[in-house]
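First the structure, in the form of structure tokens, and then the observations on it.
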Amino acid sequence: MKKNTIIDNLRKEIENFSTEVKVEKVGKVVEVFDGIAKVSGLFDIKASEMVNFAGGEVGVTLNLEEDSVGIIILSDFSKIKEGDEVRATGKILEVPVSDAQIGRVLNALGEPIDGKGAIKTDKSYPVEKVAPGVITRKSVDQPVQTGIKAIDAIIPIGRGQRELIIGDRQTGKTAIAIDAILNQKGQNMICVYVSIGQKDSKLRKLQARLEEGGAMDYTIIVSAGASEPSPLAYIAPYTGVSIAEYFMDQGKDVLIIYDDLSKHAVAYREISLLLRRPPGREAYPGDVFYLHSRLLERACRRNADYGGGSITALPIIETQAGDISAYIPTNVISITDGQIFLETDLFYKGIRPAVNVGFSVSRVGSSAQIKAMKKVAGTLKLDLAQFRELEAFAQFGSDLDDATKRQLERGKRAVEVLKQPQYSPVIVEHQVAVLYALVKGYMDDIAIDKIKEFESGLVEYTERAVPAFFKEVKEKGMYTEESEEAFKKSLADFKTGFKN
Amino acid sequence: MATLKNNDIAYALHEATVGKTGKELDVVLNNAAKFLTRHRLIGKRLNLILDKLHNIQNKDAGVIEVKISSKNKLSHTSLNEIESFLKKYYRGETIHTEEEIDDSLIGGVKIQIGDDIIDLTLQNQLEQLQKYLLKS
């Protein structure tokens, strides 16, 4: 571009410009500490209103007191000093939303932090919004296929459901979430992964993993890292769900993962204590339940009149020494529509994903399960529960009757079938075939250490011998009687050829 | 016991003192001082209460307190213009103007009325231009 053209263009732009004169509400910083500012004046300010500090820093009002306002600072607060001017903007905190955010890593304010350049947006959504009302909703009736056999068969998740993933540290909570994202390829789903208070290295690894699996084509990552101030960790999940709502409003299905809400509660506790709000149980403020309920209530399935989109939420909670009766875990368990409980003992026994089937439940998902899965997995949960009971009992003696022995053997094989390595989601039609073989007893005489081999061989064989079975399950959600017969025959054929 | 709010105390003081003079006022003020001491309100909160009382009295009397900052001293005509605009905008009867010469300004004026600021400085206009150019 020539020098003159630049000047001409600038001149043209400046000619169109006119300054705006307006009355602004201004307060003064009285004190500032740990990401919090107390500001005098600003008497007409609203709750959750954005304010601008003299150096361009952004803040949000959280405490409206008689003589001052408590503000959480969402940027670097080290340059703010006593006596600085604070300008009210008249706007409730908003984040930019756009289709171009897909595949990007954003901070808690919706700005890109992955170094891939600015995102052009012309729309923004408020961070705090009232959850959709009953009239706009529809009951959950479509499944989210996580690709994890233990979940899709026993604790199914539906689109619009809130299913908690709970467990101690290092039990594979994030792994389940990542597998679920990886399996959404081609499932018509947008994924939002909200990382709260995690190390940047962990996030980077996760991003690389998603890129490798081609999952970043439909995923947005919102991050408030461990090194960032707690106000950002507090805002991040709301930012994530606002972006999710933008896609839901277009009639799309969205899967949002909050990793994790324990750290979110801790960040909110920090802010509340700094704002001198009275502490309650475990020093959390009185409204910590509302903190999570208003967030998770925004997950929903809309009916056709309101666009038909959905937000499925998978919040994660980290427990201490398996204590699910602590304050935050019980709160979130009561808010969500079920939980997937992961156990350290199972994890170290080699049962991975370490899902404790007895403590895990899905309160609405079963109505969203496809027919074929419902048919084959119907008795699986009960079988497993009985197996656990018998297993403990059988340790005392070896004189067991045949029925009990059979049940024990079946249980052992069920546990083996439900084991699954990380990053290897299984598509639903393959799950149906394997579980069919299990519950109909085709695996009863296969050695335990050969189960995995049998499983993969069976899928391969069926793919060649009865492709119609897979096709029907995939397209119609159920197999016909003819294809079931054909599958049974191929199953028997495969078994005779299988070297035990 | 419910907490005493600064605003309520200031209103009560205003109500009690308005229209009173001489001995009558002395008695009221004496009682007010006793009340404030009894409730331990003499100290940091007293300034806040008195500020509020001052604002209430101004509002009642239709007085607007304005602080005008500029680089150079303003001419009488400009001052009169600003004052007459403010009288209309804030529906006040009298205006108490405090002028301030601020060397940090490049040009223009900054008008402050309580919490409100009308920023007509050159710096603010340049900032707005910067934002506009970055946007377009």
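Remember, it's a predicted structure, so these values are computed and weren't measured experimentally. Labels below follow one simple rule: chain letters A, B, ... track the order of the sequence lines, proteins then strands, and each chain is numbered from 1.
A:Lys25 touches chain B through backbone and side chain together, each having a heavy atom under 4.5 Å away. At a 4.5 Å heavy-atom cutoff, the contact between B:Leu129 and chain A is made by backbone and side-chain atoms alike. Within the 4.5 angstrom heavy-atom criterion, only side-chain atoms of B:Leu48, from C-beta onward, approach chain A.
Using a distance-only test at 3.5 Å, with no hydrogens or angles considered, a donor-acceptor pair links the side chain of B:Asp115 to the main chain of A:Phe43. Although no hydrogens or angles enter the test, the distance criterion places a donor-acceptor pair under 3.5 Å between the side chain of A:Glu66 and the main chain of B:Asn7.
Around the NZ atom of B:Lys20, the shell of radius 6.0 Å holds more than 12 heavy atoms that belong to other residues, nucleotides or ligands. Counting non-hydrogen atoms of neighbouring residues, nucleotides and ligands closer than 6.0 angstrom, the NZ atom of B:Lys44 reaches no more than 12 such neighbours. Annotation: B:Lys71, atom NZ; neighbour count of heavy atoms from other residues, nucleotides and ligands within 6.0 Å is above 12. Counting heavy-atom neighbours within 6.0 Å of A:Arg276 CZ, excluding the residue itself, gives a total of 12 or less. Heavy atoms from other residues, nucleotides or ligands lying under 6.0 Å from NZ of B:Lys5 number 12 at most.
You'll find the side chain of A:Val26 stays beyond 4.5 Å of the side chain of B:Asp116, heavy atoms only. Two residues are said to be in side-chain contact when any heavy atoms from C-beta on lie closer than 4.5 Å; B:Tyr132 and A:Ile14 fail this criterion. Within the 4.5 Å cutoff, side-chain heavy atoms of B:Asp119 are placed close to those of A:Arg87.
In terms of the side chain to side chain contact (heavy atoms under 4.5 Å, CB included) criterion, residue partners of A:Glu128 (sequence neighbours excluded) are, by chain and number, A:Ser48, A:Tyr234, A:Tyr238, A:Arg294.
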Exercise. Dump the intermediate steps for side chain to side chain contact (heavy atoms under 4.5 Å, CB included) on A:Val23 and B:Tyr89, then the final yes or no.
Key: CA-CA 11 Å; A:Val23 180; B:Tyr89 190 85; 3.4 Å; yes
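Separation of atoms CZ (A:Phe17) and CD (B:Gln125) is listed at 7.5 Å; rounding is to 0.5 Å.
Ion pairing between a basic and an acidic side chain is recognised when a charged N comes within 4.0 Å of a carboxylate O; B:Lys110 and A:Glu85 show such pairing. The pair B:Lys52-A:Asp67 meets the salt-bridge criterion, since a charged nitrogen lies less than 4.0 angstrom from a carboxylate oxygen.
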